[in-house]
Undergrad: 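One structure is given below, represented as structure tokens, and several questions about it will come after.
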Amino acid sequence: MFTGPIEDRTAIRELHETYALGVLSRDPLLWGTTWDEDAVWTLIGHTVQGRAAIVALWTAAMAGFEAVSFLAVPAAITVTGDTASAITQTHEILREAGGRTRVTGGAYDDRLIRRDGRWLYAERRFRIVAEYGETA
């Protein structure tokens with residue numbers, strides 16, 4: 001489940017943590033640094049390509065929330081040279097602008113690439129594993 005050089009796996013874990021911090025702090029500049037320029041993001045039936053388009057979609061989506069708590073936990077990381085694959089579990093507590101609160105457990109299937117010595121997301125495919133909600 002975890003193969004390849006420990007230095008690379010640590011850097012990929014830190015990439016996941018930077019992504020999570022970007023969500024928690026609602027910082028599109030920080031969050032955007034985790035993506036390769038030509039990355040692909042598939043999020044609940046929507047696929048978008050290119051860092052600028054990905055950040056624009058994320059920024060629009062985040063505008064619908066009063067607050068977001070986001071955790072990302074690597075479940076698997078496989079490094080092969082300058083590419084890697086990973087499965088990342090997520091846990092989100094979402095407070096929508098209208099007051100509804102949802103808790104979502106999900107998973108990302110990730111493809112990563114090392115560019116200029118830095119790991120970046122080349123492709124992320126998100127799926128919801130479980131979701132619970134209540135009306136405020």
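As the structure is a computational prediction, the values presented were derived from the model and not from experiment.
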Undergrad: Could you see if I44 belongs to whatever hydrophobic cluster contains W58? Use Ile, Leu, Val, Met, Phe, Trp, Tyr and a side-chain cutoff under 4.5 Å.
TA: yes
Undergrad: Walk me through whether F2 and R13 qualify under side chain to side chain contact (heavy atoms under 4.5 Å, CB included).
TA: CA-CA 11 Å; F2 292 90; R13 285 176 180 267; 3.4 Å; yes
Undergrad: Return all side-chain donor-acceptor pairs below 3.5 angstrom for residues 64-83, not counting sequence neighbours, or 'none' if the list is empty.
TA:
| unit_1 | atom_1 | unit_2 | atom_2 | d |
| --- | --- | --- | --- | --- |
| D82 | OD1 | R114 | NE | 2.7 |
| D82 | OD1 | R114 | NH2 | 3.0 |
| T83 | OG1 | T80 | O | 3.1 |

Undergrad: For the CH2 atom of W35 and the CG atom of L112, what is their distance to the nearest 0.5 Å?
TA: 9.5 Å
Undergrad: CG/L15 to CD1/I12 distance, rounded to the nearest 0.5 angstrom?
TA: 7.5 Å
Undergrad: Given T104 and E131, is the side-chain hydrogen bond (donor to acceptor under 3.5 Å, both in side chains) satisfied, shown in steps?
TA: CA-CA 4 Å; T104 302; E131 184 171 38; 3.1 Å; yes
Undergrad: Is M62 reachable from L94 through a run of hydrophobic residues whose side-chain heavy atoms are each under 4.5 Å from the next?
TA: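 Per the 4.5 Å side-chain linkage, L94 and M62 are co-clustered.
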Undergrad: Could you tell me which non-hydrogen atom of V48 sits nearest to which non-hydrogen atom of A53, and how far apart they are?
TA: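 Nearest pair, atom of V48 first, then A53: CG2-CB, 3.3 Å.
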Undergrad: Decide yes or no on side-chain hydrogen bond (donor to acceptor under 3.5 Å, both in side chains) for T18 and T34, but give the supporting numbers first.
TA: CA-CA 7 Å; T18 300; T34 64; over 6 Å; no
Undergrad: Between the side chain of R102 and the main-chain N/O of R95, is any donor-acceptor distance below 3.5 Å?
TA: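 No, because the side chain of R102 does not come within donor-acceptor range (under 3.5 Å) of the backbone of R95.
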Undergrad: What is the distance from atom CZ of R124 to atom CG of D110, rounded to the nearest 0.5 Å?
TA: 4.0 Å
Undergrad: Flag yes if L30 and V23 sit in one hydrophobic cluster, no otherwise; membership is Ile, Leu, Val, Met, Phe, Trp, Tyr, and two members link when side-chain heavy atoms are under 4.5 Å apart.
TA: no
Undergrad: If you measure from the Lys or Arg side-chain nitrogens to the Asp or Glu carboxylate oxygens, is any gap between D109 and R127 under 4.0 Å?
TA: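 A salt bridge is present here (some side-chain N lies under 4.0 Å from a carboxylate O).
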Undergrad: Taking atom CD1 of I113 and atom OH of Y121, what is their separation to the nearest 0.5 Å?
TA: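 Reported to 0.5 Å precision, the distance equals 14.5 Å.
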Undergrad: Got a second to check how far L120's CG is from R111's CZ, nearest 0.5 Å?
TA: 12.5 Å
Undergrad: Hey, any chance I87 and Y19 share a hydrophobic cluster, counting ILVMFWY side chains that come within less than 4.5 Å of each other, even indirectly?
TA: no
Undergrad: Donor-acceptor check, side chain of T88 to backbone of Y108, threshold 3.5 angstrom: yes or no?
TA: no
Undergrad: Check each of V55, L21, T59 against W31 using the side-chain contact (heavy atoms from CB on, under 4.5 Å) test, and report the only one that passes.
TA: V55
Undergrad: Inspect the contact between R125 and E123 and indicate whether a charged nitrogen and a carboxylate oxygen are less than 4.0 angstrom apart.
TA: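 Between R125 and E123 there is a salt bridge, with a charged N closer than 4.0 Å to a carboxylate O.
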Undergrad: Who passes side chain to side chain donor-acceptor pair (under 3.5 Å) against D36, sequence neighbours left out?
TA: R115
Undergrad: Nearest 0.5 Å, what's the NE2-CH2 distance between H46 and W41?
TA: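 Here the rounded value is 10.5 Å.
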Undergrad: Is the shortest heavy-atom distance from the side chain of R9 to the side chain of W119 under 4.5 Å?
TA: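 With C-beta onward as the side chain, the pair stays apart.
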Undergrad: What's the shortest heavy-atom distance between A86 and H16, and which atoms?
TA: CB-NE2, 4.2 Å
